[in-house]
Amino acid sequence: MGDHSFKSTDKLARRGLLFILSSPSGAGKTTLSRMLLEQDPEITLSVSATTRPPRPGERDGVDYHFVSDAQFDAMVAEDDFYEWAHVFGHRYGTPKGAIREGLKRGQDYLFDIDWQGTQQLKQKDDQDVVTVFVLPPSLDELRRRLESRAQDSAEVIDARMERARAEISHWAEYDYVVINDDVSECFARVREVLDAERMRRTRQTGLIPFVRELMG
Ligand code: 5GP
C-alpha cells in the first residue's frame, strides 16, 4: 500500500460544476461556448425541457426534452427545475435530475443563459455555480458586430442595443467578468477560470482518500 505515486496524468475524483456564461447578444458568448464545448471534453450542455414542438431534425432527449404543458406543470409542481422561463410563447426549463447525477461523476455543465436564469440557478444551487459575464470592448464595437452579422433593420439593431444595455447592467452579479476584445485571448481567460474552479478544494472529492493514503 502507498507505493503508487501520483502522476500529473492521474485524475482525482472531483465534483462537477455549473458554468454560466452570460453576455449581451453580440459580445461573443455563443462563439466562446462553442469553442469550450469543442475543446473541453469534461464540459457539456444540459438538455432543457420545453413545451415548444420539435422543429424538423430535432431529436427528443438530444436537442430538448419535448414535453406537454401538463408535463411541464407537473415538473414545476415537483420542483424539478433549476430554473425555467417563458420564451416566445413557450416554456423552457433546466431539469435537475440528469445534472445532479452528472455532477457527482465530475461532469461539468455549460449554461448560456441570461441574468434572470443565472439568479434562479444560484438560488437553487449556489455551491456548484460559477458565473462569468462577457463584456464587449465598447458599445460602438457591439453595434458594429450586431450590424455586420445580420440583415436587421436599424430599428431592430436599436432594440438589440437597448436589451444589451439592460443585460450589461447586471455585470456586478457575476463571479468573473471578461472583456471580449480579442476572442482567443478572451477564451484563454475563460479557460483559466474554469481550470481554477475545478481545482477548488471543496470540489476535489478525491482529496480525502488521496491525502489519507499519502499520510499512510
Ligand atoms: P429555441 O426555441 O430557439 O430553441 O430557444 C428559444 C430561447 O429559449 C433561446 O433564447 C434559449 O436561450 C432559451 N432557452 C432554451 N432553453 C432554456 C432553458 O432551459 N431555460 C431558459 N431560461 N431559457 C432557455
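Note that ligands are numbered from 1 as they come in the structure, with each ligand's atoms numbered from 1 the same way.
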**Asked** If you group Ile, Leu, Val, Met, Phe, Trp and Tyr whenever their side-chain heavy atoms sit less than 4.5 Å apart, what else falls in with Leu37?
**Response**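 Leu37 clusters with Leu17, Phe19, Leu21, Leu32, Met35, Leu36, Ile43, Leu45, Leu110, Val130, Val132, Val134, Tyr176, Val178, Val183, Phe187, Val190, Val193, Leu194.
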**Message:** With a 6.0 Å cut-off (strictly less than), is the heavy-atom count around CD1 of Ile179, excluding the residue itself, greater than 12?
**Reply:**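 Counting other residues, nucleotides and ligands, CD1 of Ile179 stays at 12 neighbours or fewer.
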**Prompt:** Are Thr118 and Tyr174 close enough that a side-chain donor and a side-chain acceptor fall under 3.5 Å?
**Reply:**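 Their side chains do contain a donor-acceptor pair, which is all the 3.5 Å distance test asks for.
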**Request:** Decide yes or no for Lys96 and Asp79: does some side-chain heavy atom of the first lie under 4.5 Å from some side-chain heavy atom of the second?
**Result:**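 Lys96 vs Asp79: side chains touch.
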**Electrostatic pair Lys122-Asp175, nearest N-O below 4.0 angstrom** =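 Counted as a salt bridge, because a side-chain N and a carboxylate O are separated by less than 4.0 Å.
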**Message:** I'd like to know if Asp125 pairs up with Arg100 as an ion pair, taking the criterion as any Lys NZ or Arg NE/NH1/NH2 lying under 4.0 Å from an Asp or Glu carboxylate oxygen.
**Reply:**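 Answer for the salt bridge query: no.
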**Asked** Hey, which residues fall under 4.0 Å of ligand 1 on heavy atoms?
**Response**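 For ligand 1, the residues that come within the 4.0 Å heavy-atom cutoff are Ser48, Arg52, Arg55, Tyr64, Glu83, Ala85, Val87, Tyr92, Gly93, Thr94.
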